[in-house]
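Only one structure is covered here, and it is reproduced in the block below.
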Amino acid sequence: MTSLAALIVAPALGLALPMLLPGSAQACGGTFCDAGPTSMPVDQTGENILFKIGADFVEAHIQIQIDPSTPADAFAWVIPVLSVPEFSVGSQILFDNMLNGSVPSYGRTFTSDMCAPPPDNNNADEGALSTGGDDFGGETGGDAGDGDPGGPDVVFKGSVGAFEIAVLEGGTVEGVMQWLGDNGYQQDPNAEPILASYLEDDFKFVALKLGVEAGVEDVHPIVIRYSGTEPCVPIRLTAIAAADDMDIRTFFLGDARVVPVNYRHVLINSLKIDWFSDGGNYKEVIAMAVDAQEADGNAFVTEYAGDSSVISLNGVYNQNWDPAPYAALVDSPIGAFEQLSADSLLYCEPDFESNCVGLHPLIMPILAEYIPVPNGVSEAEFYADMEFYVDQIDLTVWDAAAFSATLDERIFKPGAHAVDLVQQNPYLTRMYTTISPSEMNVDPIFRSNATLPEVDNVRQATQRTLCDGGRLVTLPDGREVYFPVDEPFVWPSFQDEMPWDEDIDQDGMAADAPLINLVDNTEKINELLSAYNKERGYGDIPTGCGCSLAPAGPAGGVAFGLATLGLFGLVRRRRRQS
């Protein structure tokens, strides 16, 4: 049986993720105006998990972020696994850059027909633009279950970064619950039957919590590497405390696109997206599509599939990082600030008026542990000129060897490994779903499928002002939506029978097999759209020359404004590939 990794959300904790800022709106006038694609915000209650699928192993990077109001001693995870994994620290900046580089974005290119005479209200509504190398720690071996015949064996115990980790094997569900309680893990009686089901399938449990001296500011991603070839996200335990429509995003680095094996794959109906708010209803569309009949709440949507170079490596790693200069500061931390500044890890304003800024999310917590700021002195004053405050430095907590080792374990090595991971794996897949507790009864499994095409995360529509004052919006899939001049210029909800999903597919149950189509709503969507347009007189409108410019996409890229095609045969052929 293939060993599957198990990743689970910490029950009852709000996991805060970085909010992506929407792109700024561009002022426009005249015939052409382009509103660049606006990125979807990353929901602050979601989970992000990155998998690397190797020839005989899976490496799972878990983004762990805790609501700052959560007490550090209340944080704990229990993760079911089939084999004892190796553990290391992950890179938060890798997650930040991956989220930013692959997030779906929606926008419009604006064009106007060349008419004689030009309509007076040619740009009447344009003011409505939206603003828009692994180092693993711990020790194997184990302790018998503390003399309790029903207690689990501790087959691994160690610390990795800010976390204390133990791997439990065997025992009864009562014994596992007792061990968790005795070792400071919060318990929930509702977990017992789910833990029992994992025990019946010979799962072990990774028990993970923050160390005694660690606070929530020390939290970082954790990497779990184990034998196997199919990543799995065991979400059954999550149902205990999850909210409805909880967000889950899975990322995969490898050589080809990845799809779910035992969950369905959904292609959303692009007409349901509110293009006038740059996809402001995106989550609602996903939630409704994955809850459609045949998807049944157990489905994923592919948000991006393509070149992994969309992940910026800026700030992830600096090849000049070296723990040796820090280890050499044996007698005093004087010089540490200058070295951190040279390594682009810390910056303080020279005028002492503003706080020091950590250029890596873990720098300030590490400094607070080893070089605490004296009472009555600001961070900027102290770190910018520690020599001036030499008499106030607390040398009882300064440990050059421990400081350099902490930098190496939590920043330097994770950064180097993250860069290698991206550079050695040319393909990134990003999938997303929303799921409610009642639907968390099957753990999704994934695998590569090299036969599937790429999926762009930049979605650009064309909005064309016609000679009669009406507007025609052409979506990236070629569908056209007509807005007569005498109707409110808002994105339509369409008919009640308009599906939220266009396609629902199932894994082909063999390596690189074509997906099996379960639902195909393309013809129905086209018929309903045609009826909608005809009701508004589309087909008898005066047209002129519709032209557009190629707008600037995210990060200086180019998003192509599609011409008004309406060729559903072409659309059909291209869409069916994805």
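Quick caveat, the model's predicted, so the values are computed rather than measured. Residue indices begin at 1 and follow the sequence shown.
- In terms of heavy atoms, Glu169 sits closest to Lys204 at OE2-CE, 3.2 Å.
- Among residues two or more places apart in sequence or in another chain, the side-chain contact (heavy atoms from CB on, under 4.5 Å) test is passed with Met288 by Glu284, Trp500.
- The side chain to side chain donor-acceptor pair (under 3.5 Å) search around Asn425 returns Lys52, not counting sequence neighbours.
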- Task: With side chain to side chain contact (heavy atoms under 4.5 Å, CB included) as the test, would you mind laying out the steps for Leu313 and Asn97 before giving the verdict?
- Result: CA-CA 7 Å; Leu313 297 179; Asn97 292 358; 5.9 Å; no

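- Evaluation of the ring-ring contact (aromatic ring centres under 6.0 Å, His included) rule for Phe300 yields Tyr263, Phe446 as partners, not counting sequence neighbours.
- The number of heavy-atom neighbours closer than 6.0 Å to CG of Asn314, taken from other residues, nucleotides and ligands shown, is 12 or below.
- The ring-ring contact (aromatic ring centres under 6.0 Å, His included) search around Trp321 returns Tyr317, Phe412, not counting sequence neighbours.
- Remark: Asp507 engages Arg447 in a side chain to side chain donor-acceptor pair (under 3.5 Å) (not counting sequence neighbours).
- For Asp247 (side chain) and Thr433 (main-chain N/O), no donor-acceptor pair under 3.5 Å exists by modelled atom type.
- Note that Arg257 lies outside the cation-pi zone of Tyr427, set by a 6.0 Å cut-off to the ring centre and a 45° limit from the axis.
- Distance check, rounded to the nearest 0.5 Å: OG1 of Thr172 to CE of Met177 gives 11.0 Å.
- The side chain to side chain donor-acceptor pair (under 3.5 Å) check on Asp291 picks up nothing, with sequence neighbours excluded.
- For the pair Arg225 and Phe57, the cation sits on the ring face: its NZ or CZ lies under 6.0 Å from the ring centre, inside 45° of the axis.
- Between Leu345 atom CG and Asp343 atom CG the span is 5.5 Å, to the nearest 0.5 Å.
- A side-chain contact (heavy atoms from CB on, under 4.5 Å) with Asp503 is found for one member of Leu515, Asn521, Leu267, Asn269 and no other, namely Leu267.
- Taking the centre and axis of the six-membered ring of Tyr304, the NZ or CZ atom of Arg430 falls outside the cone set by 45° and 6.0 Å.
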